[in-house]
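What follows is a single structure, written as structure tokens, with notes after it.
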Amino acid sequence: MAPSPHKPGATAPAVPGSIIAAACFLVLGAAAQVMASILGWIHALSPERAVVLQHQLDTGDSTLSLEGLRNAGVITVVLAGLATVLAYLLFAFFMAKGRSWARTATAVLFVLTLSQLVGIVFPGGYTTIVQIIAGAAAVLLSRLPASKKYFETMKAIRAESRLSSAG
């Protein structure tokens with residue numbers, strides 16, 4: 001049983017299995033994003049993509065070159081991938097630390113991942129499916145009763161710690 005968060009000097013309870021599992025699912029989501037970024041990078045540099053970009057250049061009045069468009073695509077894939085992987089890993093870390101904002105941010109990330117279903121193509125779409133399943137599992141696990149109690153207890157311990165250090 002977790003110590004009462006209202007006792008002076010209360011220690012943090014053990015992280016419940018549901019939160020550990022949720023954090024593991026977020027790490028899985030990060031790994032899927034790494035794969036998606038690699039596939040996106042390969043696609044951005046593919047001859048098929050070059051043909052599409054060249055067609056866009058031929059039909060428009062762009063001042064960009066084919067190489068400029070390809071580089072922009074690669075930079076976008078890499079930066080978006082890094083940001084997403086970082087988000088998954090940070091949310092997993094802070095969720096395990098009992099920060100309820102990470103639980104909310106995970107739900108937002110899950111909803112954003114759902115938007116990737118629009119125009120999904122395979123085989124790259126498999127990474128999106130993995131991210132959606134992992135995100136859904138993390139969101140559900142972080143909202144189980146044991147998880148909710150853990151977040152509430154950790155919030156109370158942090159509040160008590162702030163009061164005792166202020167006084």
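For reference, positions follow the sequence shown, starting with 1.
- In plain terms, the two heavy atoms of A50 and L66 that are nearest each other are O-CD1, 3.6 Å.
- The nearest pair of heavy atoms linking Q131 to A32 is CG-CB, 3.6 Å.
- Cluster annotation: L45 and L57 are assigned to distinct hydrophobic clusters (Ile/Leu/Val/Met/Phe/Trp/Tyr, side-chain heavy-atom contacts under 4.5 Å, transitive).
- In this model, a donor atom of one side chain and an acceptor atom of the other lie less than 3.5 Å apart for S37 and Q33.
- Judged by distance alone, with hydrogens and angles left aside, the side-chain atoms of S161 form no donor-acceptor pair with the main-chain N or O of I157 at under 3.5 Å.
- Proximity of S142 to M95: side-chain heavy atoms (C-beta onward) are separated by under 4.5 Å at one or more points.
- To the nearest 0.5 Å, the span separating OG1 on T104 from CH2 on W101 amounts to 10.0 Å.
- Linking ILVMFWY residues whenever their side-chain heavy atoms come closer than 4.5 Å, directly or via other members, leaves I129 and L28 in distinct clusters.
- In terms of heavy atoms, R99 sits closest to F151 at O-CE2, 3.6 Å.
- Between atom CD1 of residue I75 and atom CH2 of residue W41 there is a gap of 12.0 Å, rounded to the nearest 0.5 Å.
- To the nearest 0.5 angstrom, L53 atom CG is 11.5 Å from E48 atom CD.
- Residues N71 and E67 are in side-chain contact: their nearest non-hydrogen atoms beyond the backbone lie under 4.5 Å apart.
- By the criterion of side-chain heavy atoms lying less than 4.5 angstrom apart, applied directly or through intervening Ile, Leu, Val, Met, Phe, Trp or Tyr residues, V85 is not grouped with I132; the two fall into different hydrophobic clusters.
- Put simply, the side chain of Y150 gets close to the backbone of A96: a donor and an acceptor are under 3.5 Å apart.
- The two residues A44 and R49 have their closest heavy-atom pair at O-CG, 3.9 Å.
- Checking side-chain atoms of S147 against main-chain N and O of L141 turns up a donor-acceptor pair under 3.5 Å.
- Shortest non-hydrogen contact noted between A138 and T106 is CB-CG2, 4.1 Å.
- Looking at heavy atoms from C-beta onward, V27 lies out of side-chain contact with Y88 at the 4.5 angstrom threshold.
- The shortest side-chain heavy-atom distance between R70 and V74 does not fall under the 4.5 Å cut-off.
- The minimum heavy-atom distance between M154 and A12, with the atom names listed, is SD-CB, 3.8 Å.
- By the 4.5 Å heavy-atom criterion applied to side chains, R158 and K97 are not counted as neighbours.
- One hydrophobic cluster, built from ILVMFWY side chains closer than 4.5 Å, holds both F94 and L26.
- Side-chain atoms of T128 and Q116 include a donor-acceptor pair closer than 3.5 Å.
- Hydrophobic clustering places F93 together with F91 (ILVMFWY residues linked when any side-chain heavy atoms are closer than 4.5 Å, directly or through intermediates).
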